[in-house]
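Reviewing the structure listed below.
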Amino acid sequence: MEVKSRAPGKIILTGEHAVVHGSTAVASSIDLYTYVSLHFSTPSDNEDSLKLKLQETALEFSWPITRIRAAFPESTAQLSSTPNSCSVENAKAIAALVEELNIPEAKLGLASGVSAFLWLYSSIQGFKPATVVVTSELPLGSGLGSSASFCVALAAALLAYTDSVSLDLKHQGWLSFGEKDLELVNKWAFEGEKIIHGKPSGIDNTVSAYGNIISFKSGNLTHMKSSVPLKMLITNTKVGRNTKALVAGVGERMLRHPDIMAFVFSAVDSISNELTSILKSPTPDELSVTEKEEKIEELMEMNQVLSGTVVDKVVAELESCGFQCFIAGIGGGGVEISFGVSS
């Protein structure tokens with residue numbers, strides 16, 4: 001048996017830092033995907049291991065099922081319909097399994113993703129031998145939601161072979177989850193994101209799971225159908241960034257300057273709410289579209305703080321061509337998003 005799933009990456013237009021602290025953010029999915037292929041072993045395969053293949057990094061990991069059983073108590077295989085957070089004890093067991101892999105130093109950033117994989121797999125599918133192949137069109141650590149896309153696609157593939165969702169597995173071609181099933185996929189993906197990032201807001205996995213454009217605040221989302229066609233040029237600066245560290249840095253600043261940061265987050269919340277209103281309002285003619293684009297550019301500029309020598313060079317070059325730029329992710333490098341088209 002084999003099932004394939006895919007989930008898109010994302011860009012956050014406004015509210016990236018502040019959404020973690022309860023402010024509104026506006027995000028959109030993008031047409032770049034992570035793909036997960038899940039193949040369960042059969043008795044004729046004579047396989048008794050769980051394999052994870054990461055195509056873009058040319059890495060393959062394998063665990064004997066007996067080793068995974070020994071690492072987790074039998075009760076670890078939870079009901080797939082009830083997402084559960086990884087306990088401290090299970091986190092230690094997963095850390096031991098990952099440490100045994102001897103991941104190359106240059107690829108150690110993948111360890112948290114492998115940990116999320118082990119938790120989601122063992123929680124949803126238990127201890128079945130299988131091969132999971134992951135391919136992605138998204139650059140890692142660039143602010144385009146590669147980890148969330150991975151978690152959503154993985155959760156979707158794992159849940160497809162459970163009684164918790166309703167899918168016609170005999171169907172040829174891509175299928176979409178129903179609203180209730182999609183909610184379950186999203187909740188499991190969020191558990192994976194927590195293993196990778198510590199305290200994520202949930203917006204990345206939510207926009208990856210539901211697609212299109214959403215506004216998001218404290219776990220509550222509003223689907224939007226924009227009346228303005230957003231044209232974005234995505235430029236990968238290849239300047240690395242650590243999401244977990246950057247989020248922690250903002251949290252520390254919040255502790256040091258609570259009143260100032262509360263004011264900043266309130267302002268970002270207002271920017272996101274205004275952007276939401278603009279995107280949803282009707283555009284009767286081309287002049288209205290142009291006016292909206294200008295307002296959107298201004299709001300995005302107000303929201304964004306640009307930093308980094310290499311990033312500044314990319315920004316300067318794009319802005320000289322008439323683009324309005326901001327950094328996808330939460331600063332510290334990553335991918336540049338350029339809004340608008342040069343006249």
Side-chain angles (χ1 to χ4, degrees), residues 1-7 34-42 45 47-57 59-101 103 110-136 146-165 167 169 177 181 184-197 205 208-209:
M1 295 187 295
E2 183 176 27
V3 64
K4 293 182 179 179
S5 62
R6 67 178 183 181
T34 295
Y35 300 83
V36 170
S37 172
L38 169 63
H39 173 77
F40 287 111
S41 302
T42 62
D45 293 330
E47 279 283 349
D48 194 29
S49 62
L50 174 62
K51 295 180 180 179
L52 173 63
K53 298 181 180 180
L54 306 177
Q55 297 291 71
E56 275 61 48
T57 58
L59 292 176
E60 179 177 335
F61 307 115
S62 180
W63 302 267
I65 292 299
T66 53
R67 176 67 184 91
I68 296 179
R69 282 184 180 277
F72 296 110
E74 192 69 30
S75 59
T76 297
Q78 307 285 347
L79 291 173
S80 58
S81 59
T82 309
N84 286 280
S85 298
C86 185
S87 66
V88 174
E89 292 75 15
N90 285 327
K92 290 179 180 178
I94 290 173
L97 289 171
V98 174
E99 188 174 351
E100 293 170 5
L101 298 173
I103 298 175
L110 298 172
S112 59
V114 176
S115 298
F117 164 78
L118 286 169
W119 175 246
L120 292 179
Y121 189 92
S122 59
S123 296
I124 298 174
Q125 286 294 337
F127 309 117
K128 301 176 184 177
T131 297
V132 177
V133 180
V134 180
T135 59
S136 184
S146 58
S147 66
S149 176
F150 164 69
C151 289
V152 171
L154 176 62
L158 294 173
L159 287 167
Y161 277 121
T162 69
D163 294 331
S164 299
V165 298
L167 289 176
L169 296 181
F177 285 91
D181 293 341
L184 181 61
V185 170
N186 191 38
K187 286 181 177 179
W188 271 116
F190 184 54
E191 294 305 325
E193 278 281 87
K194 288 196 288 187
I195 292 174
I196 296 172
H197 295 303
N205 51 277
S208 180

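Since the structure is predicted, the reported quantities are computational estimates derived from the model, not experimental observations.
Atom CG of D48 and atom OG of S41 lie 8.5 Å apart (nearest 0.5 Å). For the atom pair CG of L54 and CG of L59, the computed distance is 6.0 Å after rounding to the nearest 0.5 Å. From S164, atom OG reaches atom CG of L184 across 6.0 Å, with rounding to the nearest 0.5 Å. Atom OG of S80 is separated from atom CG of L158 by 10.0 Å, given to the nearest 0.5 angstrom. Put simply, CD1 on I94 and OG on S112 are 11.5 Å apart, with the number rounded to the nearest 0.5 Å. Atom OG of residue S122 and atom CZ of residue R69 lie 11.5 Å apart, to the nearest 0.5 angstrom.
In this structure, F72 and F127 have parallel ring planes: the angle between them is below the 30° cut-off, well short of the 60° mark.
Residues meeting the side chain to side chain donor-acceptor pair (under 3.5 Å) test with S147, sequence neighbours left out: E193, H197. Listed by chain and residue number, nothing satisfies the salt bridge (charged side-chain N to carboxylate O under 4.0 Å, His left out) test with K92 (two or more places apart in sequence, or in another chain).
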For N84 and E191, what are the C-alpha separation, side-chain angles and deciding distance, and is it a side chain to side chain contact (heavy atoms under 4.5 Å, CB included)?
CA-CA 7 Å; N84 286 280; E191 294 305 325; over 6 Å; no
Test log, rule side chain to side chain contact (heavy atoms under 4.5 Å, CB included), inputs L38 and Y121:
CA-CA 11 Å; L38 169 63; Y121 189 92; 4.2 Å; yes
Let's go through V98 and F61 carefully: what are the C-alpha distance in whole Å and the side-chain angles of both, what is the deciding distance for side chain to side chain contact (heavy atoms under 4.5 Å, CB included) to 0.1 Å, and is it a yes or a no?
CA-CA 9 Å; V98 174; F61 307 115; over 6 Å; no
F40 vs Q125, side chain to side chain contact (heavy atoms under 4.5 Å, CB included): CA-CA, chis, key distance, verdict
CA-CA 10 Å; F40 287 111; Q125 286 294 337; 3.5 Å; yes
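Checked by atom type and distance alone, the side chain of S5 pairs as donor or acceptor with a backbone atom of A153 at under 3.5 Å. The backbone N or O of A7 lies less than 3.5 Å from no partner atom in the side chain of T34, so there is not a single donor-acceptor pair.
Scanning both residues, L101 and S62, for their nearest heavy atoms gives CD2-O, 4.3 Å. Closest heavy-atom contact between A160 and V3: CB-CG2, 4.1 Å. Across all non-hydrogen atoms, the minimal contact from A71 to L97 is CB-CD1, 3.9 Å. Of all heavy-atom pairs spanning A157 and V36, the tightest one is CB-CG1, 4.0 Å. Across all their heavy atoms, A209 and V152 have their closest contact at CA-CG1, 3.9 Å. Contact between L120 and W188 at its shortest, heavy atoms only, is CD2-O, 3.3 Å.
Side-chain contact between I124 and T162 is present, with heavy atoms from C-beta onward closer than 4.5 Å. Between Q55 and K53, the closest side-chain pair of non-hydrogen atoms falls below 4.5 Å. Proximity of L118 to W63: side-chain heavy atoms (C-beta onward) are separated by under 4.5 Å at one or more points. Side-chain atoms of F117 and L50, non-hydrogen and from C-beta on, do get closer than 4.5 Å to each other.
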